[in-house]
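Every chain is numbered from 1, with letters handed out A, B, ... down the list of sequences. Predicted model only: the values in this text are computed from it and were never measured.
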Number of protein chains: 2
Amino acid sequence: MTSQPATQHATQPAGGPRRRDAERTRAEILAVAQSEFARHGYAGARVDEIAELMRTTKRMIYYYFGSKERLYIAVLEKAYSEVRAVERTVDVEHLAPVEAIRTLAELTFDHHDAHRDFIKLVAIENIHQGEHIRKSEVLANLGAPVLDLISRILEAGRASGDFVTEADAIDVHMMISAFCFFRVANQHTFGALFGRDMAAPEHRERLRRMVGEMTVAYLRGA
Amino acid sequence: MTSQPATQHATQPAGGPRRRDAERTRAEILAVAQSEFARHGYAGARVDEIAELMRTTKRMIYYYFGSKERLYIAVLEKAYSEVRAVERTVDVEHLAPVEAIRTLAELTFDHHDAHRDFIKLVAIENIHQGEHIRKSEVLANLGAPVLDLISRILEAGRASGDFVTEADAIDVHMMISAFCFFRVANQHTFGALFGRDMAAPEHRERLRRMVGEMTVAYLRGA
DNA sequence: ACGTTAATTAACTATCTAGTTCGTAAAACG
DNA sequence: CGTTTTACGAACTAGATAGTTAATTAACGT
């Protein structure tokens, strides 16, 4: 198992002793750790490597986070809460149901496209059977807002007669997420098997339209 | 990071010296390794643990496979070729296009439902950016048969006027796989966030129908 | 029966890795 | 300006882990 060269993350100027800044040091550790966990998995990521990549020592990681596992959990929590922040900015309430759901699908697509480290962290967490996300109360019921939104759109769509299919908000969210997630997460094996890098820019627009049309077509019924 | 108790895999009767059987020993190592890699990831899986779980010694793993990485590759290749074998048994040629594509979607669903270790291995391989699957010629172009099948169904469907949407075989395969893969692979994080275990038996039939309807609806157009 | 070879076992090693100890110096504070 | 607190760094340790060496034993043909 060879390792890719990792990008240098240090915002700390080279040479001379490190200036004291607890906030920045903590934030840097988190950023580098996110990249390393996403790149190598939980067990594959090395505490020494994380330290080295930011011109500090391992000691600081234990000073701020206590253990490798707690660092990993902190990374997960940070990543998930950034996602929540994005989702809250979505305003599709004033749109007609069909356009609302299409827009939501496309925004979800954009979000997955833009946060690839996050996708990998989710994949890693699933390999470990979600044991950390399950522990964290910060992360429980983080999904509620999206579900509310989808529920309202579905109701409006059935009222207007646009949507026929019986499916609840969770199912619809799953359908959209599956498409967006898979495209990014399975890029490499899919590319090897089918000779197309579905996560490459040249396929972006087509697949973005596709997830919207798929969702709308499904809800309209056959 | 706590580890679940692993299921005992030994077909070798306990007690006394091990009977000599190269084929069986090799096969047992592969089976146990598949389970361990799927459970802990590449770096997280332990060579000692694999050996211990089947009442043999680590030396056997090196005797038959040479290194941890080569063992992992062997596991991947075995898993993928089993998949190919299943896909070849699919006979949807005699069905009408709409039923053919729906059946294919549902068979894909069943397959993902039944091979969860395989799904995890794929996820792990993607975390490592597909570096092993890329090396293996056994695995390259393993996807061709499915694509042929889908292509023929799509052509027939457009000829009959059932399908309107312009999408190629790879896109359609991706759409179906995404749904089926996500349901199994992201079971844990999705469950934690939305309070529903989408991979649980009680949701199986509904979601199975859903992937068929989704694909058909998409191809029929809005 | 018996010698050859393939399969198996036990014990060992070099290296890596998470986590620690202890010391220091910059900021904060009076 | 003296003291305390907070941030940082170098070197160390105990245990784990991939990989090896070499002896041993079961199978199998002759």
### Task
Run the salt-bridge test on B/Lys78 and B/Glu82 with the 4.0 Å N-O cut-off and return the result as yes or no.
yes
### Query
Which nucleotide, C/dT9, C/dA6, C/dA18, lies nearest any side-chain atom of B/Met60?
C/dT9
### Task
Using whole Å, report how far CZ of B/Arg20 lies from C1' of C/dA7.
4 Å
### Task
In whole angstrom, give the distance that lies between atom CD of B/Glu23 and atom P of D/dA26.
21 Å
### Contact under 4.0 Å: A/Thr25 side-chain N or O vs D/dA7 OP1/OP2
no
### Query
Any Lys/Arg nitrogen of B/Arg183 or A/Asp171 sitting under 4.0 Å from an Asp/Glu carboxylate oxygen of the other?
no
### Query
Could you give the CD1-to-C1' distance, from A/Ile29 to D/dA7, as a whole number of Å?
11 Å
### Message
Is the phosphate of C/dA18 approached by A/Ser67 (side-chain N or O, under 4.0 Å from OP1 or OP2)?
### Response
no
### Task
Take atom CD1 of A/Ile61 and atom C1' of D/dG9, then tell me their distance rounded to the nearest Å.
13 Å
### Query
For A/Glu36 and C/dT17, what is the distance between atoms CD and P respectively, to the nearest whole Å?
12 Å
### Query
5'-most contact on DNA chain C: B/Ala22 or A/Gly66, nearest heavy atom basis?
B/Ala22
### Message
Taking the minimum atom-to-atom distance to the side chain of A/Lys58, which one of C/dA6, D/dA18, C/dG19 wins?
### Response
C/dG19
### Atom pair distance, as rounded to whole Å: CZ in B/Arg70 and P in D/dG19
9 Å
### Task
Check the distance between D/dA16's P and B/His40's NE2 and give it to me in whole angstrom.
16 Å
### Query
Under 4.0 angstrom, heavy atoms only, what part of the nucleic acid is B/Ala45 near: base, sugar-phosphate, or nothing?
sugar-phosphate
### Task
From the options D/dA10, C/dT9, C/dA18, select the nucleotide whose nearest atom is closest to the side chain of A/Asp48.
C/dA18
### Task
Select one nucleotide: of D/dT17, D/dG19, C/dA18, the one nearest the side-chain heavy atoms of B/Arg46.
D/dT17
### Side-chain N,O (B/Thr56) to OP1/OP2 (C/dT8) below 4.0 Å
no
### Task
Select base, sugar-phosphate, or nothing to describe what B/Phe65 touches, counting heavy atoms under 4.0 Å on all strands.
nothing
### Message
Whether the side chain of A/Lys68 engages the backbone of A/Ala45 through a donor-acceptor N/O pair (distance < 3.5 Å, no angle test) should be reported.
### Response
yes
### Message
Any salt bridge linking B/Lys135 with B/Glu69? Criterion: basic side-chain nitrogen under 4.0 Å from a carboxylate oxygen.
### Response
yes
### Nearest-nucleotide pick for B/Tyr63, side chain only, options being C/dT9, C/dA6, D/dT20
C/dA6
### Task
Output the single nucleotide from D/dA7, D/dG19, C/dC22 whose closest atom is nearest the side chain of A/Arg59.
C/dC22
### Task
Answer yes or no: is there an ion pair linking A/Arg26 with A/Asp21, defined by an N-O contact shorter than 4.0 Å?
no
### Task
Measure from CG on B/Asp21 to C1' on D/dT25 and round the result to the nearest Å.
16 Å
### Check: A/Phe118 ring centroid to A/Tyr80 ring centroid under 6.0 Å
yes
### Task
Give the nucleotide from the list D/dG19, D/dA27, C/dA18 with an atom nearest to the side chain of B/Lys68.
D/dG19
